[in-house]
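The shown structure was predicted, so the numbers you read here are calculated from the model rather than taken from an experiment. Chain A is the first sequence line, chain B the second, and so forth, proteins listed ahead of strands; every chain is numbered from 1.
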Amino acid sequence: MARTRGINARRRRRLNVFRTVVLVLLGVFFLTPLFAMFEFTTRGDTPSSPRSLAAWGEIASAPNLISSIVTSLGLAVITSVAMIVLLVPTMIWVRLRLPRLFRVIEFLCLLPLTIPAIVLVVGLAPVYLWVTYFFGDSALTLSFAYVILVLPYTFRALDAGMSAIDVRTMSEAARSLGAGWTTVMFRIIPPNMRAALLNASLLSVALVLGEFTLANLLNFLNLQVEINQLGQANAPVSIAVALGSLLFAFALLVSLSFVDRPRGSSAPPDEGLIAPLAPVENATWGQQA
Amino acid sequence: MTEAVGVATLGTGRAGVQVRLEDLRRRYAGVSALDGFSLTLEPGELIALLGPSGCGKTTALRLVAGLEDADGGQVVVDGKDVTGLPANKRDMGMVFQAYSLFPHMTARQNVAFGLRLRGVKSSERKQRAGDMLDLVGLSAQADRYAHQMSGGQQQRVALARALAIRPKVLLLDEPLSALDAKVRAQLRDEIRRVQLEVGTTTLFVTHDQEEALAIADRVGVMRAGHLEQLDAPGTVYSRPQTPFVAEFVGLSNRIPAMVSGKTAEVLGVHLPLVDETTSDGPAIAIVRPEAFTLAGTIGDTSLDAPLAGTVIATAFLGAVSRITVDLGGGLTVMAQLPTSEASAYPAGTAALLHLRTDAVLVTREAAVVPAPGPAAAAVENVGRAG
Amino acid sequence: MALDLAEATSTPADGRPAKGGRRRLPLAWLGGVPFIGYVSIFLLLPTAIVIFGAFLKGNGGGFTLDNLKSLNQDYVRSAFENSVILSAASALIGAVVGGVFAYVIATGRRDGTMRRIVTSACGVLAQFGGVTLAFAFIATIGGAGFITVFLANHGIDIYSDGVWLYKLNGLVLVYTYFQIPLMVLVFLPAVDGIRPQWREAAESLGGTTWHYWRHVAGPLLFPAFIGSALLLFANAFSAYATAAALVSQGGIIVPLQIGNSLSSEVIVGQQNYGKALAFGMIVVVAIVMALYVVLQRRTTKWLK
C-alpha cells in the first residue's frame, strides 16, 4: 500500500537517476584529459621503463622555464595593480560625480569581449612599436595590453562590489563629516570593498597566467609561450608545467568563490569568470541604489 | 470530466463539492509534518488553515493538490478517492504565494492556459478567459504581462487562472503574504467575494490570523501536524479550546495563576476553568485584554476594584485603545477598551482594574511566541509573520 | 588636488549635477580622463587601426577595397568556412550538452556542495583554452595518448582513418571542452529563473510533463538557449590559442590565418591583409554578440 501511490516520489527518483548518469558521464569527460596529462608526465623514457615523477623534478632545472614563470608572475602582479589603480578611482568617481559616463565606461570595459585578443593583437602590433620605444622591450610591457584583456571580468567584479556598499550614501556620510573627495576615493570606499578588489585581482592573475595569444604574436616569452615551445623538445616537462599552472589557476578561482561571500548577499557570486557575460540589466545604481 | 461543456455563466450559488481529508500522514526525513490530519470541507465552504510556519498547513494543501505524496491516509473529493491521482488529473485550481504567472504569457493567455490544455476552442477560450478577468476586475489588463502588473494584480490573474478550469476545489497557498498590508486586505475581501460567487469549495492556507478570521467560514488552527481547533472565526477567537489557540489567535496576557479544584485564582479573582480536568498547582492563565476593564482612577472610592496599577502606555488603535498597566511585582497586563473611555487614562495615571469572571484557559507551557521583553507580554502576537 | 575644487557642486538625488554647478562641471569630467585615455591607446586605437587599416593601401596611402577583395580567395574562404563550421558545431554540442548539464545542476540543491564544485570548475574550464588544453588532449588521444594507447591495446584504432585530432574534427572535440562549461555558466541563471511554481501551476491546471515543457519551460528557456549558443559561437570563432598549439602548420581557421599574417614575412602591398581578416572577424563577432544581448534582455525580463 505504501508504495503504490508515490507518483511524485517516483518522478523524483527518475530525475535523480538521470542526474547521476549525466554527472558521471560529464565527470569522466572532463577528468580524463586531466588524468591523461598526469599519466603522461609519469611515463619513463621508453614504454617499458617504470613510472616516475622525474618530469616534475626537471621543471626546476629548466632555466628558460623558470624565467618565464617569473615573467608571468610579474605580469600578473603588475596587471592586477595597474588595473586597480586605473579602474577603481574611475569607477568610484563616475558613480559619485559623473553618472552619465557610467554607460560609456561600462561599454568600454565590455568591448574586449567583442574585440577578441587575436583581433586586438593585429592593431596592437604597431602600438607596441611605440611601447618598446618608450619602455624598452621587456616582456613585462605586455601588462599594458593585459589590463585591457582583464577589463570585462574585473569591471563586473568591482561593479558588484560597489553596488553592495552603496557608494553614494557612504561618500555623503563621509563628506558630511568633513572628508574631501580624495579621502572618500582612497580612504573611505576602497577599504569597504576589499572582497571585490581581491576578487578582481585573482581573476586578473588567473587570466594573465593563462594568456598565450598576445604574448606569442607580439613575440614575448611568457609562461604559456614557453610551455608551447618546450612541448616540441620535452613534452613530459611541458605537460607537467601546463598541468601545474592549471591547478594553480584552479586553486586561485576556487579560493575566489570562498572569498566573496558577503554577509546576507543577494546575488550568488558563483559567476567568477563569467560575470561580464551576465545580463547587462543588473547595472542598476545611482537612481535605485 | 465535464470541463469543456457547461454553462457560459460563471456558475451560480453553491456549486461546490465535499472534500474530505482523512488521516493524512506525511513525514520528511523522519520528522512528521502531518500526523493523522483529518478535515472535511462542506460543499462551497471556505476553510482557512491557520498556524505558525512548519505546522503542516502547506503540506496538507499540497497533499490535496497532489503535488506531494501522502505516506498514509486519503483525500476524497466528491465521494471519490483521488489520493492515487497525479496532480494534473485532480481538477484543482491552485493559487500560489507569488510569481506563479507564466511570464511569457499575457494575463489572458495565462487564464486561458488550463482551457487550452483541455482542448477548449480558441474562441470560447478567449471568451471564458475574458469573463474570468472580468470577475476579478482586470479586463483592462488582459493583454499585460506579469512584469507589467502589480503584485496584487498578478494574484488576481492567478485566481482567475485557477478558477477558469472550473475546478472542483480551489486551493490557496498564502496568496496574500507577498503583498503589502493595504492590498492584502483589499484582495482578501475580493477573493472571498469571488469565491462566494462561484461557490467552489476552498482551502485557504495562511499564517495571518486576521486574514483567516476575516475570510473563512471556518478556521482550522494547526499545530505540529494536527488540528487544534476547527470552528467558526468568532468561536475560535472568543472560545479557544486550547491555550495554543488562545495565544496564537488574538492577543493575550499571560498571568500567573493558582489552580485548585475547578477554578483558577488569577490576580486574586477566582475564575472557572475551561478545562476542568486541569490538575491543581501553579499555572499561567491566558487572559484576553478585553477581559480587563479600567474601573476608574485611584481615589474614586465608590468602586469595588481589587486591582490597582499604573498606566505605563496607551496605544491608540482606532475605535479601541490598548492600555498597558503595571500592577507591580514585575507584572504588566494589557486592557482593551473603547478609545472614548481610554482618554481618561493617560500614561502615569494610577488606575483601578477589573477582571471579568469568564472561564479561563490555563497552561503550563512556554509562550507560543516568546515575548521580546517582560513588559511587552504578548503584544507582538498581532500581525507578526509566521 | 584639482578635483577638490569641484567639491561645492551639489548633487541631487538623481545623480545629475545641479544647475548651479555648471561652471565647475568640466573639472568633474577630468576624473574620467586617465581611464579613457588609457583605453583609447590600448583598445580603441588598435581597434581603429584594424578597421581603418582594412580599407587602407598597404604603402600607407589612400582608401582601397583591395584588402577586403583579397579575402575572396579559396584558402581564405575555406578558412572562414572552417571557422564557421567549427564554431557552429562546437557551439551546438556545447549548448545541448551544457544545457542538460545546467538543468541537472539547477535541479539539485542550490546551496549544495555539488553545485559549488561544478560551478567553480566550470569557471576555470570555460577559460581553459590554449596550450594547456591542447596538451591535455594530445596526452589523452594524441598518437601516444592515454586513451589511444589503452584502446590500441584492446585492438581499437581510433585513427584508422588517419589522425584527426589536429584537423577540424579534432578541434571541434577539443573546443567542446571549454564550450560545455561556458554554456553551464551562461545558461544556468536562466534555468535557475524557472520557478517550481510554474511547473506546479501547469500541473494543477491539468498539464502533463510534456505540456509543461512544450508550453512553459521550453518557450521560456528558448531565447536564453539560443542566446547562449550564439555566445558560444562567438567564443569559438575568436579562439586562437588552442588551435595554434594544436595545429602547427597552415591556417585552417581564420584566427590561425591572422596569426600567420602577423608572424610570417610581409608581402609588399599585402601589409593590411591581416587587418582585413581581423576586420571580417570583428564583423562576425559583433553581429553575433549583438544578437546575444538582445536575446539576453528578453530572458532577464522573464526569468528575473
Student: Would you compute the distance between atom CZ of B/F102 and atom OH of C/Y212 and round it to the nearest 0.5 angstrom?
Tutor: 8.5 Å

Student: Check whether B/Y99 gets within reach of chain C through its side chain, its backbone, both or neither, counting any heavy atom under 4.5 Å.
Tutor: both

Student: Test of understanding: with side chain to side chain contact (heavy atoms under 4.5 Å, CB included), list the residues that count as partners of B/Y28, not counting sequence neighbours.
Tutor: B/R26, B/A33, B/T59, B/E68

Student: Select one option (side chain, backbone, both, neither) describing which atoms of B/A98 are under 4.5 Å from chain C's heavy atoms.
Tutor: backbone

Student: Do you know the tightest heavy-atom contact between B/S100 and C/Q197?
Tutor: CB-CB, 3.9 Å

Student: Is B/H104 reaching over with its side chain to a backbone N or O of C/H215, donor-acceptor style, under 3.5 angstrom?
Tutor: yes

Student: Short question: side chain of C/R195, backbone of B/L101 - any donor-acceptor pair under 3.5 Å?
Tutor: no

Student: Do you know the tightest heavy-atom contact between C/L205 and B/L117?
Tutor: O-CD1, 3.9 Å

Student: Contact part of B/R161 toward chain C, heavy-atom cut-off under 4.5 Å: side chain, backbone, both or neither?
Tutor: both

Student: What part of B/M92 is in contact with chain C, defined as an atom under 4.5 angstrom from a non-hydrogen atom: side chain, backbone, both or neither?
Tutor: backbone

Student: Using non-hydrogen atoms and a 4.5 Å limit, figure out which bit of B/A87 sits close to chain C: side chain, backbone, both or neither.
Tutor: both

Student: Indicate the atoms forming the closest heavy-atom contact of B/P103 with C/L220, along with that distance.
Tutor: CG-CD2, 3.4 Å

Student: At a heavy-atom distance under 4.5 Å, which candidate from C/R199, C/E200, C/E203 has the highest pair count against chain B?
Tutor: C/E200

